[in-house]
Amino acid sequence: MTRLHPEPLPERLTALDRTLVMGVVNVTPDSFSDGGRWFEPGDAVAHGHRLLADGADLLDVGGESTRPGAARVPPDEERRRVLPVVRELVAAGAVVSVDTTRADVARDAVAAGAHVINDVSGGLADPAMYDVVAETGAVYVAMHWRGHADVMDTLATYDDVVADVRDELAQRLAALEAAGARPEQVVLDPGLGFAKPGSDNWPLLAHLDVLQSLGRPVLVGASRKRFLGHLLAAPDGSPAPPDARDGATAAITALSALGGAWCVRVHDVAGSADAVRVAAAWTAARGPRQDRHDDQRRPIQDGEHRA
Ligand code: PMM
């Protein structure tokens, strides 16, 4: 097994030699792409089950919208939204991630059975987060982040977006280790769309290897984001709506998987579950068959048949 998975995760995931698919379960009234559709805990749990049936390897439960410009949710409200959904999906056997920037919510979610803390702030929003990562020992996704949703669009200045994101994630990794977390727990994420205008997202995707050079698995969250709306804009320039971005999302999943991404975080699981399998078959067909390809380039000799 050559694939790098973070630890600890159940063996049924770490045994997989392909990119994993994380399905999004937003328990928010205002998320940009699916806000309000699964706001009641029962509806969110039912949605989680649908995503599992579609092929999700893990489910990411979030109670606070990160939509550009969104206001913060009070901590007790976030807890009230997220914890019952985490508990029920874990009880049903799902591998669950909690999408939160708050250390207390993360601690309670891990106590409720969550396997992964997915922190879009990479620990910058709450100084207690790294202690919780060290104390719980859970897998931790550190996303590249520069500020909360209400201000992030004003913080999108880079010299070289790929090198800057790599360097800032390297600082997060070092700070996690200094706080007592094990590097094996950590997944890195370029934070597509977070303090990144459209054109800054493509180099990050095209250079996943630069982030991978930090030695940790990489998660890609491109699903239905604004930069895809602009890519697929109508002739009059109006962006494609979020639910018309799933084909482009699946294409990014396939390309990210070829680029070695550990996991993709998506709303439409079925398309990406197919895409990671296509990429795995494609990758598997590459290296070890080289001799055969060489053999096929050799001219056919008299009396020889080529299958
Ligand atoms: N994007 C959103 C939310 N959480 N988490 C990670 N690790 N990476 C992301 O890119 C990311 C995330 C965007 O919000 P949505 O849930 O409304 O799609």
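Each ligand, and each atom within it, is numbered from 1 in the order the structure gives. Given the structure is predicted, the values throughout are model-derived calculations rather than measurements. For the single chain, residues carry numbers from 1 onward in sequence order.
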| field | Atoms in ligand 1 flagged as close to Val141, the criterion being non-hydrogen separation under 4.0 Å | value | 7 (N)
| said: Is the contact between Asn26 and ligand 1 made by the side chain, the backbone, both, or neither, using heavy atoms and a 4.0 Å cut-off? | reply: side chain
| remark: For Thr66, the atoms of ligand 1 under 4.0 Å from one of its heavy atoms are 2 (C), 3 (C), 13 (C), 14 (O)
| task | Nearest 0.5 Å please: distance from the CZ atom of Arg172 over to the CG atom of Asp189. | result | 14.0 Å
| Is there a side-chain contact between Cys263 and Leu58 (heavy atoms, below 4.5 Å)? | yes
| Sub-4.0 Å atoms of ligand 1 with respect to non-hydrogen atoms of Val120 | 4 (N), 5 (N), 12 (C)
| message | Which of the numbered atoms in ligand 1 are under 4.0 angstrom from any heavy atom belonging to Asn118? | response | 5 (N), 6 (C), 7 (N)
| field | N/O separation below 3.5 Å, Ser223 to ligand 1 | value | no
| request: Out of Lys225, His267, Met143, Arg265, indicate the one that has the non-hydrogen atom closest to atom 10 (O) of ligand 1. | output: Lys225
| said: Testing the basics here: between Ser272 and Val266, what is the closest heavy-atom pair and its distance to 0.1 Å? | reply: OG-CG1, 3.4 Å
| Basic-acidic side-chain contact under 4.0 Å: Asp274, Arg277 | no
| Any chain of hydrophobic side-chain contacts (each under 4.5 Å) joining Ile252 to Val21? | yes
| query | Would Val73 and Arg81 count as a side chain to side chain contact (heavy atoms under 4.5 Å, CB included) if you check the C-alpha gap in whole Å, the side-chain angles of each, and the deciding distance to 0.1 Å? | reply | CA-CA 10 Å; Val73 172; Arg81 292 178 185 182; 3.8 Å; yes
| said: Just to be sure I read this right, does ligand 1 sit under 4.0 Å from the backbone of Asp60, its side chain, both, or neither, counting only heavy atoms? | reply: neither
| note | Within 4.0 Å of some non-hydrogen atom of Gly221, the atoms of ligand 1 are 10 (O)
| Greater than 12 external heavy atoms within 6.0 Å of Glu88's CD | no
